[in-house]
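Before any comments, here is the structure.
Since the structure is predicted, the reported quantities are computational estimates derived from the model, not experimental observations. Values below: every heavy atom of this structure, side chains too, minus hydrogens, waters and symmetry copies. Proteins get letters first, then strands, A, B, ... in listed order; numbering begins at 1 in each.
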Amino acid sequence: AQSVTQLDSQVPVFEEAPVELRCNYSSSVSVYLFWYVQYPNQGLQLLLKYLSGSTLVKGINGFEAEFNKSQTSFHLRKPSVHISDTAEYFCAVISLYGGSQGNLIFGKGTKLSVKP
Amino acid sequence: NAGVTQTPKFRVLKTGQSMTLLCAQDMNHEYMYWYRQDPGMGLRLIHYSVGEGTTAKGEVPDGYNVSRLKKQNFLLGLESAAPSQTSVYFCASRIGRTWAGSRNTEAFFGQGTRLTVV
């Protein structure tokens with residue numbers, strides 16, 4: 001079965017500073033990887049996804065993530081954050097094969113707090 | 001295009017009462033999911049469905065039942081609510097089976113149902 005670990009539950013950062021939110025996954029089969037964002041009292045929306053090809057993927061709102069197969073990581077980065085980026089961020093994985101094929105499994109989330 | 005719609009948005013139940021949460025999607029998606037979100041726990045999969053008439057258990061299925069009688073609807077039932085089921089519930093849908101080369105793989109989420117059991 002696959003699992004997702006988000007290494008930081010909370011990340012405080014000052015406005016215009018860079019940020020990295022870490023995500024590691026485990027799976028015995030090939031996976032697709034996602035980052036979702038949840039603003040207060042809202043549902044989840046897709047930030048970006050890795051399916052195949054270039055290991056650096058770009059998403060909405062200036063976010064990007066790098067897939068590292070050897071380290072089974074998919075860390076999310078932004079070079080300069082804004083107050084409006086304050087939200088909770090979730091890393092998720094889908095297995096392509098096996099008994100849990102198609103299940104979308106989430107990490108526990110990282111709360112990003114951007115301070116002025 | 002409404003996407004994924006959950007009803008109701010808020011509900012307060014007394015312990016032992018029953019209720020059904022409705023999820024409706026208009027994207028002709030095969031896969032549908034029910035998650036619960038609790039502080040510090042992320043989203044945990046309750047049940048899911050890979051097509052009309054099929055359901056399967058997820059990570060935390062106890063105390064819940066589901067039905068997928070129509071492709072567009074996925075119902076989550078609580079037969080006898082308990083305070084431990086106080087949570088925010090999210091429904092999601094995806095186009096279907098994922099294989100190498102798939103492009104439209106992401107899930108679309110409803111706005112959530114905030115359920116309190118007292």
Side-chain angles (χ1 to χ4, degrees), chain A residues 1-10 21 23-25 27 29-53 57 59-60 65 69 87-111, chain B residues 2-7 9-10 21 23 25 27 29-51 54-61 88-114:
Chain A
Q2 71 269 41
S3 66
V4 178
T5 301
Q6 291 184 241
L7 297 160
D8 305 295
S9 59
Q10 299 189 48
L21 307 183
C23 172
N24 286 89
Y25 70 94
S27 177
V29 299
S30 297
V31 298
Y32 286 161
L33 294 156
F34 306 83
W35 276 99
Y36 283 84
V37 60
Q38 184 182 33
Y39 298 104
N41 299 314
Q42 295 188 24
L44 280 74
Q45 64 182 83
L46 183 70
L47 263 183
L48 48 78
K49 60 186 176 183
Y50 173 77
L51 306 181
S52 63
V57 291
I60 62 172
K69 188 174 182 179
E88 190 160 18
Y89 293 80
F90 293 93
C91 183
V93 62
I94 290 177
S95 291
L96 296 185
Y97 309 104
S100 57
Q101 191 279 344
N103 280 354
L104 182 61
I105 302 299
F106 286 85
K108 293 186 176 181
T110 298
K111 290 185 177 179
Chain B
V4 180
T5 303
Q6 292 182 231
T7 53
K9 291 184 171 51
F10 303 93
L21 281 67
C23 177
Q25 54 95 3
M27 296 173 283
H29 285 173
E30 291 291 337
Y31 285 22
M32 296 186 75
Y33 307 83
W34 275 108
Y35 294 90
R36 60 176 290 174
Q37 184 179 23
D38 303 290
M41 302 297 290
L43 279 81
R44 292 182 291 170
L45 183 63
I46 304 172
H47 287 277
Y48 65 99
S49 168
V50 299
T54 72
T55 64
K57 295 180 180 180
E59 181 185 358
V60 289
V88 180
Y89 292 85
F90 285 99
C91 176
S93 70
R94 286 178 54 234
I95 190 167
R97 185 174 176 85
T98 307
W99 64 90
S102 298
R103 304 311 297 176
N104 298 323
T105 58
E106 65 263 35
F108 294 82
F109 283 81
Q111 290 299 298
T113 296
R114 188 174 295 274

Subject >> Over 12 foreign heavy atoms within 6.0 Å of CZ, R44(B) >> reply: yes
Is [X] close to chain B through its backbone or its side chain, or both, or neither, when contacts mean heavy atoms under 4.5 Å?
X: Q6(A); result: neither
X: Q45(A); result: neither
X: L44(A); result: both

Original post:
In Å, rounded to the nearest 0.5 Å, how long is the span from OG1 of T110(A) to CZ of F90(A)?
Top reply: 8.5 Å
**OP:** First locate atom NZ of K49(A), then atom OH of Y32(A), and finally report the distance between them rounded to the nearest 0.5 Å.
**Re:** 9.5 Å
Subject >> Contacting region of Q37(B) [heavy-atom separation from chain A under 4.5 Å] >> reply: side chain
Original post:
At a heavy-atom separation under 4.5 Å, does L45(B) approach chain A through its side chain, its backbone, both, or neither?
Top reply: side chain
Subject >> Non-hydrogen side-chain atoms of Q6(B) and F90(B) separated by less than 4.5 Å >> reply: yes
Original post:
Is a donor on one side and an acceptor on the other found under 3.5 Å between the side chain of T54(B) and the backbone of S49(B)?
Top reply: no
